[in-house]
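Here is the structure we will look at.
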Amino acid sequence: MSGKIPAPTSKNSAGYDFKSIEERWKKLWYDNNIYKAVDFSPKEKKYILAEFPYPSGRSVHVGHMMRYTMPDMYSRYLRMKGYNVLFPMGWDAFGLPAENFAIKTGTPPQEKIAELSKQYKQAMQDIGYGIDWDREINSTDPDYYKWTQWIFLRFYEAGLAEMREEPVWWSDKMKTVLAEEEVIKDADGNLVAERDGSPVRRRKLRQWVLKITEYADKLLEGLQEIDFQESIKKAQTSWIGRSEGAVVKFPIWTADGEKTDLQVETFTTRVDTLYGVTFLVIAPEHEIVENLKGLAKNTEQLQEYIDKVSQKTDLERQQNKDKTGVRLEGVYATSPIDETQQIPIFLADYVIATYGTGMVMGVPAHDERDYEFADKFGLTKPIVIVDKDGNKLEDLEEYGYLTNSKDFDGMSSEEAKEKITKMLEASGMGESKVTYKLHDWLFSRQRYWGEPIPLIHRQDGTVEAVAHTDIVDEVEKNLPVVLPRVDDYKPSEDGSSPLERATEWVQTVDSDGNPAKRETNTMPNWAGSSWYYLRYIDPHNDKEFADMEKMNYWLPVDKYFGGAEHTTLHLLYSRFWHKFLYDQGLVPTPEPYQWRMNGGILLGPDGVKMSKSRGNVVEPQKLLEEYGADLVRMALVFLGPYDGVYPYNKNSFDSCSRTVSRLLDLSEKVGNIENADDLMREKRIIHKALRAITNMYENMKMNTAVSEIMTAVRDLREFDTIDPEVWSILLRMAAPIIPFVTEELWQKSLGYPEWKNENSVHLQEWPEVDESLLQEDTVEIPVQVNGKIRGKIEIPIDADEETVEQLAKAEANVARYLEGNEIRKFIYVPGKIVTIVV
RNA sequence: GCCGCGGUGGUGGAACUGGCAGACACGUCGGACUUAAAAUCCGAUGGACGCAAGUCCGUGAGGGUUCAAGUCCCUCCCGCGGCACCA
């Protein structure tokens, strides 16, 4: 070969022409839609869902492949297992990348998305995903977002969508508002937008919110019914942040001893510590401060503090947790249970305006923060909770028994909570209450590329829906509210939407025929993805978002795969939408997803997160070019478990190449075996592998499934002839992982007949394990003496304990350790192990 | 600080309900084929001692339960993810 230039070839490292093989079968599979999901099939259904991608960039990246390949293999397995499988795909295409591209180039996002989604679909077909493309959806298609808008109107009609003027997170770079969940802390601790890392600040704007807080309890309770990873349940639970407590009101008095109408309304989870209150704290941003600061004698000083706090960045506030505050001089409060007791009031920024009531009762002896504050301001710290012997508690926030609490002395914290709350309720000075950390969902964006919010602003300042969702004619006529084409996609400096400039579109008429203006804000990126799994069920329905009978058949989603970053965003939002729709009688199940697993991350070859700037990005297109789809699929899942975080490693490709190449060698040897012994051994090999691999597919452990294939192929190599039935099992069990090569070999074994769907290896029945072949007559088990393995014995599989004991004692090395000792205990775990204690 | 997940050979990772730790690979070493190399094939490969049979040690550290612990319990260390002055 020296000196010769090799002829151009599309052979890969496994030595076969993958391109022609892949082209041939790909075309037949998708032209004939062999992966069709059949509505109402008598077969049992399985709905396998992987989060639909946002088509940005040129094509799928390796992260997508990590996310979709395993679920594809799993659904292929289920299909062969005899299930009616729905494994759909679509495009979550509203949002910033297409819009930014539009701003830069003037290309309408509609066109860009059409182009990109085509490329993505092509790439997914190239990789060989078993998707029913008749159910492809696109969240930016008006036929799709018509129903996103329709559902929004349901929320609106139910009073769960509301317009509010409120301080919101704003990104100057993106010129849009962001939901609480979309703001994160970067490496330096600065608050930034999750999407692009741009800095954010608070700004007051008129915004639409969806009242997800009204579903807080339902979202929490629902978690108990579904199989999500524990980490996901915990994350959602702490995000919702439910805490039970009580509101306690403290009347406010002026310096002259006059009682005002104002009250410091605190929220506490420790109402049992009420007798330990020595001060009250109000968040400086709280609106009541406007009314209060005038009453105090130190108005100026208070204002100074308020100003200082408002200038503090959130970063400073988080980093510097030293307690600061100012007392409202002259003003004081009294205890709701004892008006003779005067309590000072402070403004302090350790209290958060947006949580609870924005005011707290300071109980320095039993709350760490209050303790620090009291320390700083020289306040007393009366102990009101002690242990049952009346001693001081080690942990100051622990529960115990009351002391210094008048009638309640000696009562347990739990009991006192109840009794004190009752007493407060009786006097109208308090009540039990539940609060949440969860905020309502900020649902409007000042951007072009999103679903228009289907509302109209009337001349009188009121708002109306473009259609009543229960009147079919209105819905038909008025939905969707289609995004108008505009010339300029740039957001406006003043925080209004670019749609504001589409004046013709904005002008409309209300239901009375009077001129009105359309709402120009659009929905956030999360809207379309909050219900897309419903649309896959009935993607072409133009009368409803999905047919109830079909939903009844397919729901809930059996397995849902996606990214960990969606735990408190998409996964919570869509559960909220679903629960709302359920309450409206529009979907048949209380939860959308029965089971969820978050995917891991593939790091660069250097073990660091892939990034363009680091130059450690693995390009799937290049991998496909070099190795072909089968090897890429196999090698990627062989790297490690689905939810793991590990580096890309070329080794995996080398070993998978070798295995596929050996598989091809085996295919040359298929024929009838004369030697009955060999046949039996082959059968044993394949059924043992089959049993293992079935279990691994079942548990979605594709990395070990690959190793089973490797082992089976290796073990079969020693035979000159491979039995056709053994071969058939091998191909079928490898088919979900390497669909192209196995199809090629399967069709070859059939003599390449004319294509028929039912001849595809992917629609064959999953082979049954023949357990009788795997029954061994004897088994080798270890013998322990005092916990250490001292020998191994061969025993008949059904040997009784006595026989085993004889054999064990007879083993030479074991005997050495038994010599001169009395056997105190003999344990035989059948078929597993023998333990002797001396 | 709180919550969750994890820590296993030189490396990626296996190990179902406690029952032979290190499957399957990569790498390394040795061998076969070759003029040579690549590819391919065969063998060895946790550490220590030993010619060997075998012995001792070994799943982040320390304790415990058990005939038996990577797996269960307690304390601690480290890494990753989430939350964080949330009353």
Side-chain angles (χ1 to χ4, degrees), chain A residues 1-2 13 15 184-185 229-239 241-243 245 266-271 273 281 283 317-318 320-323 348-352 354-363 366-370 372-373 397 435-437 564-565 567-568 598 600-601 607 635 638-641 643-656 658-659 661-662 665 692 695-696 699 701 703-711 714 717 780-792 812-813 816 824-827 829-838:
Chain A
M1 281 294 279
S2 66
S13 50
I184 56 162
K185 225 182 285 170
Q229 283 165 323
E230 200 52 31
S231 59
I232 301 175
K233 289 191 180 185
K234 287 279 181 190
Q236 290 207 347
T237 303
S238 68
W239 187 262
R242 178 192 157 99
S243 64
T266 64
F267 174 72
T268 179
T269 53
R270 293 298 302 273
V271 76
T273 64
V281 190
R317 240 169 120 157
Q318 266 155 18
N320 187 359
K321 291 189 174 170
D322 279 350
K323 299 284 177 292
D349 67 352
Y350 79 89
V351 173
I352 294 159
T354 51
Y355 180 76
T357 57
M359 310 184 226
V360 302
M361 54 184 228
V363 188
H366 303 287
D367 182 284
E368 213 153 323
R369 296 149 305 185
D370 295 346
E372 279 176 38
F373 190 82
E397 300 193 357
T435 63
Y436 303 89
K437 289 186 207 169
E565 70 275 19
T567 300
T568 53
N598 285 345
I601 301 169
F638 186 52
L639 283 173
D643 54 357
V645 178
Y646 39 78
Y648 168 85
N649 189 342
K650 189 175 172 297
N651 296 343
S652 181
F653 284 81
D654 296 339
S655 54
C656 291
R658 223 157 282 161
T659 301
S661 162
R662 289 169 180 178
D665 291 346
N695 184 35
M696 286 158 187
N699 293 299
K701 294 188 162 264
N703 53 333
T704 54
V706 169
S707 68
E708 269 323 305
I709 291 171
M710 288 174 168
T711 310
R714 183 196 62 195
R717 291 177 72 210
E780 193 194 50
I781 60 166
V783 180
Q784 290 184 342
V785 181
N786 286 344
K788 286 194 191 296
I789 290 163
R790 295 304 180 187
K792 296 192 177 178
N813 201 43
R816 258 176 62 207
R824 293 199 305 208
K825 209 168 184 182
F826 178 86
I827 302 163
V829 183
K832 289 271 188 194
I833 198 167
V834 171
T835 289
I836 301 171
V837 186
V838 295

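Predicted, not measured: the structure shown is a model, and the values here were computed from it. Per chain, numbering begins at 1; letters A, B, ... match sequence-line order.
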Does the base of C85(B) carry an N or O that pairs as donor and acceptor with the side chain of K323(A) under 3.5 Å?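 Answer is yes: a donor-acceptor pair is held.
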Just checking [X]: base, sugar-phosphate only, or nothing, at a heavy-atom cut-off of under 4.0 Å?
X	answer
R242(A)	nothing
Y646(A)	sugar-phosphate
S652(A)	nothing
V351(A)	base
K234(A)	sugar-phosphate
D370(A)	nothing

Let me spell it out: for each of N786(A) and Y436(A), pick the nucleotide of RNA chain B with the closest heavy atom. Which residue's pick is nearer the 5' end?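 Result of the comparison: N786(A).
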Need to verify one output field. Residue with the more 5' nearest nucleotide on RNA chain B, A564(A) or D349(A)?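 Taking each residue's closest nucleotide, the earlier one in sequence belongs to A564(A).
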OP1 or OP2 of [N] under 4.0 Å from side-chain N/O of [X]:
X	N	value
R658(A)	U40(B)	yes
K825(A)	C67(B)	yes
S231(A)	G82(B)	no
R790(A)	U55(B)	yes
K437(A)	C2(B)	no
R662(A)	C41(B)	yes
R717(A)	C42(B)	yes
N813(A)	U55(B)	yes

Atom [atom1] of [X] to atom [atom2] of [N]: distance rounded to whole Å?
X	N	atom1	atom2	answer
I352(A)	A84(B)	CD1	C1'	9 Å
Q229(A)	G4(B)	CD	P	15 Å
K788(A)	G54(B)	NZ	P	16 Å
K233(A)	G81(B)	NZ	C1'	19 Å
E565(A)	C83(B)	CD	P	13 Å
R369(A)	C85(B)	CZ	P	9 Å
E368(A)	A84(B)	CD	P	18 Å
I601(A)	C5(B)	CD1	C1'	13 Å

When you measure from the side chain of R816(A) to the backbone of R790(A), do you find a donor-acceptor pair of N or O atoms at a distance under 3.5 Å?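 Looks like no, no N/O pair under 3.5 Å.
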Is it true that a side-chain atom of N649(A) and a backbone atom of N651(A) form a donor plus acceptor pair closer than 3.5 Å?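 Such a contact is found between N649(A) side chain and N651(A) backbone.
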Nearest-0.5 Å distance that lies between atom [atom1] in [X] and atom [atom2] in [Y]:
X	Y	atom1	atom2	value
T237(A)	E230(A)	OG1	CD	8.0 Å
T659(A)	D654(A)	OG1	CG	11.0 Å
N598(A)	T567(A)	CG	OG1	4.5 Å

Applying a 3.5 Å limit to both distances, which nucleotide forms a Watson-Crick or G-U wobble pair with [N]?
N	result
A36(B)	none
U28(B)	A44(B)
C49(B)	G54(B)
C83(B)	G1(B)
U59(B)	none
G19(B)	C67(B)

Under 4.0 Å protein heavy-atom contact, by nucleotide of nucleotides 14-23 of chain B - B base, S sugar-phosphate only: SSB--BB--B
Let's see if you can work this out: which of C83(B), C85(B), A25(B) has an atom nearest to the side-chain heavy atoms of S655(A)?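 Output: A25(B).
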Where does G9(B) land, syn or anti, given syn is within 90° of 0?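 Here the answer is syn: the torsion falls within 90° of 0.
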Flag if over 12 foreign heavy atoms under 6.0 Å of CD, E565(A):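 Yes.
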With side chains defined as the heavy atoms from C-beta onward, is the minimum distance between V360(A) and R369(A) less than 4.5 Å?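 No; the side chains remain at least 4.5 Å from each other.
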Check step by step if side-chain contact (heavy atoms from CB on, under 4.5 Å) holds for C656(A) and F638(A). CA-CA 8 Å; C656(A) 291; F638(A) 186 52; 4.2 Å; yes
Hey, mind stepping through I789(A) and V783(A) against side-chain contact (heavy atoms from CB on, under 4.5 Å) and telling me if it holds? CA-CA 6 Å; I789(A) 290 163; V783(A) 180; over 6 Å; no
Within 45° of the axis and under 6.0 Å from the centre of the six-membered ring of Y350(A), does NZ or CZ of K323(A) qualify?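 Pair K323(A)/Y350(A) counts as cation-pi.
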